[in-house]
Amino acid sequence: MDPRGAQQKISTGTTIMAVEFDGGIVVGSDSRVSAGESVVNRVFNKLEPLHERIYCALSGSAADAQAIADMVHYQLELHSLELEEPPLVLAAATLVRNVGYKYKEELSAHLMVAGWDPRRGGQVYGTLGGMLTRQPFAIGGSGSTYIYGYVDSAYKPGMGQEECRQFTKNAIALAMIRDGSSGGVIYLATITKDGVKEEVVLGDEIPKFYDE
């Protein structure tokens, strides 16, 4: 709350990122949640499963982003039961785009969708502003403005799983140094046909750079 007693909106001033590789994707985020100038949660996991092999990364208002993820998760479960097979990543991204655009005046959130399906393999989709675009990698949140130069120079087509994992860790760590709204630990999820591997990169394991 601010000094006048008005409640401040809790937001995920954030860094989120996802990268495709041959056979899957890596998606990651920082963990800081803030309200105004106050940090209200240091270890919030902004990677939300939408289905078994489909995740979204949350940015914007924490409550709004979670509400969209919950709605899409519910619809994907029904969709999967009707089809009697797992949903496609594109179907999940389309639902996120549709819900986000429908409630764009009421909700302040941006969700990045990434996952694996047997039809198209690993996929990363951006859904900002009613658009739906597949990209080899994507970044978002307040911290992303500090790392566009880094990701543009460091990304190489054809990178393997471990290279994408390190690329994601480095980019988020750099954003956490510069962006006051990003921080905490780094959450990573690697998704392939074999399933999901989640990990948490703690303080001593976060990559260090020159100005530190």
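Below, each value reflects all heavy atoms present in this structure, side chains not excepted, and no hydrogens, waters or symmetry copies.
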Q: Apply side chain to side chain donor-acceptor pair (under 3.5 Å) to the pair Asp30 and Thr15, showing each step before the final yes or no.
A: CA-CA 6 Å; Asp30 76 307; Thr15 304; 4.8 Å; no

Q: Treat each ILVMFWY residue as a node, draw an edge where side-chain heavy atoms are under 4.5 Å apart, and state whether Val201 and Ile172 are in one component.
A: yes

Q: Could you tell me whether a side-chain N or O of Asp64 sits under 3.5 Å from a main-chain N or O of Leu107, the two making a donor and an acceptor?
A: no

Q | Criterion side chain to side chain contact (heavy atoms under 4.5 Å, CB included) on Val99 and Gln75, from CA distance to verdict | A | CA-CA 11 Å; Val99 172; Gln75 292 182 44; 4.2 Å; yes

Q: Check whether any side-chain heavy atom of Gln161 sits under 4.5 Å from a side-chain heavy atom of Thr192, and report yes or no.
A: yes

**Q.** Heavy-atom pair with the smallest gap, counting every atom of Phe21 and Ile191
**A.** CZ-O, 4.4 Å

Q: Find out whether Lys169 and Leu188 are in side-chain contact, i.e. whether some heavy atom of one side chain is under 4.5 Å from a heavy atom of the other.
A: yes

Q) If we only count heavy atoms from C-beta on, is the Glu198 to Leu47 side-chain gap below 4.5 Å? A) no

Q: Quick one: closest heavy-atom pair of Leu132 and Ala93, and the distance?
A: CD1-CB, 3.6 Å

**Q.** Between NE2 on residue His110 and CD1 on residue Ile68, distance to nearest 0.5 Å
**A.** 10.0 Å

Q. With a 4.5 Å limit on heavy-atom distance, are the side chains of Tyr74 and Glu77 in contact?
A. no

Q | Donor-acceptor under 3.5 Å (Lys46 side chain, Arg32 main chain) | A | yes

Q.
Show the nearest heavy-atom pair for residues Gly23 and Trp116, with the distance to one decimal.
A. O-CD1, 3.5 Å

**Q.** Single-linkage hydrophobic cluster, 4.5 Å side-chain cutoff, Leu128 and Tyr103 together
**A.** no

Q) At their closest point, which heavy atom of Ala92 faces which heavy atom of Val113, and how far apart are they? A) CB-CG1, 4.3 Å

Q. If every non-hydrogen atom of Ser31 is compared with every non-hydrogen atom of Tyr187, which pair is closest and at what distance?
A. CB-CE1, 3.6 Å

Q. What distance separates His79 NE2 from Leu95 CG, expressed to the nearest 0.5 Å?
A. 7.5 Å

Q.
Using side chain to side chain contact (heavy atoms under 4.5 Å, CB included), reason through Val96 and Tyr125 one step at a time and then give a plain yes or no.
A. CA-CA 10 Å; Val96 168; Tyr125 291 96; over 6 Å; no

Q.
Treating Gln123 as the side-chain partner and Gly121 as the backbone partner, does any N or O pair qualify as donor plus acceptor under 3.5 Å?
A. yes

Q) CD1/Ile16 to OG/Ser144 distance, rounded to the nearest 0.5 angstrom? A) 8.0 Å

Q.
Do Ile54 and Pro87 make a side-chain contact, defined as non-hydrogen atoms from C-beta onward lying under 4.5 Å apart?
A. yes

Q. Going hydrophobic residue to hydrophobic residue with side-chain gaps under 4.5 angstrom, can you get from Ile206 over to Leu202?
A. no

**Q.** Within 6.0 Å of CD in Glu52, more than 12 heavy atoms from elsewhere
**A.** no

Q.
I'd like to know if Glu20 pairs up with Arg134 as an ion pair, taking the criterion as any Lys NZ or Arg NE/NH1/NH2 lying under 4.0 Å from an Asp or Glu carboxylate oxygen.
A. yes

Q.
Let's go through Leu90 and Arg119 carefully: what are the C-alpha distance in whole Å and the side-chain angles of both, what is the deciding distance for side chain to side chain contact (heavy atoms under 4.5 Å, CB included) to 0.1 Å, and is it a yes or a no?
A. CA-CA 10 Å; Leu90 178 58; Arg119 185 175 299 180; over 6 Å; no

Q: Check whether any side-chain heavy atom of Ile25 lies under 4.5 Å from a side-chain heavy atom of Val27, and answer yes or no.
A: yes

Q.
Is there a path of hydrophobic side-chain contacts, each under 4.5 Å between heavy atoms, that joins Val151 and Phe209?
A. yes

Q: Please check if the side chain of Lys156 supplies one atom and the backbone of Ser153 the other of a donor-acceptor pair under 3.5 Å.
A: yes

Q.
Does atom NZ (Lys193) have a neighbourhood of more than 12 heavy atoms from anything else shown, all under 6.0 Å?
A. no

Q | Whether Ser61 side chain and Ser108 backbone form a donor-acceptor pair below 3.5 Å | A | no

Q.
With rounding to the nearest 0.5 angstrom, report the CG to CG distance, Leu174 to Asp179.
A. 12.0 Å

(Q) Run Val39 and Val33 through side chain to side chain contact (heavy atoms under 4.5 Å, CB included) and show every step you take. (A) CA-CA 6 Å; Val39 176; Val33 178; over 6 Å; no

Q: Only counting residues at least two apart or in another chain, list the ones meeting side chain to side chain donor-acceptor pair (under 3.5 Å) with Arg165.
A: Glu162, Glu199

Q | Listed partners of Glu163 passing side chain to side chain donor-acceptor pair (under 3.5 Å), at least two apart | A | none

Q) Using the ring of each side chain (for Trp, its six-membered ring), is Tyr155 parallel, tilted or perpendicular to Phe137, with breaks at 30° and 60°? A) tilted

Q.
Donor-acceptor check, side chain of Thr168 to backbone of Cys164, threshold 3.5 angstrom: yes or no?
A. yes

Q. With a cut-off of 6.0 Å (strictly less than), are more than 12 heavy atoms of other residues, nucleotides or ligands near CG of Asp70?
A. yes

Q.
Quick check: do Ser59 and Met112 have side-chain heavy atoms less than 4.5 Å from each other?
A. no

Q) Are the side chain of Thr145 and the backbone of Ser142 linked by a donor-acceptor contact shorter than 3.5 Å? A) yes

Q) Going hydrophobic residue to hydrophobic residue with side-chain gaps under 4.5 angstrom, can you get from Val43 over to Tyr55? A) yes

Q) Side chains of Leu58 and Thr14: does their closest heavy-atom pair fall under 4.5 Å? A) no

(Q) Testing the basics here: between Val196 and Arg53, what is the closest heavy-atom pair and its distance to 0.1 Å? (A) CG2-CA, 4.4 Å

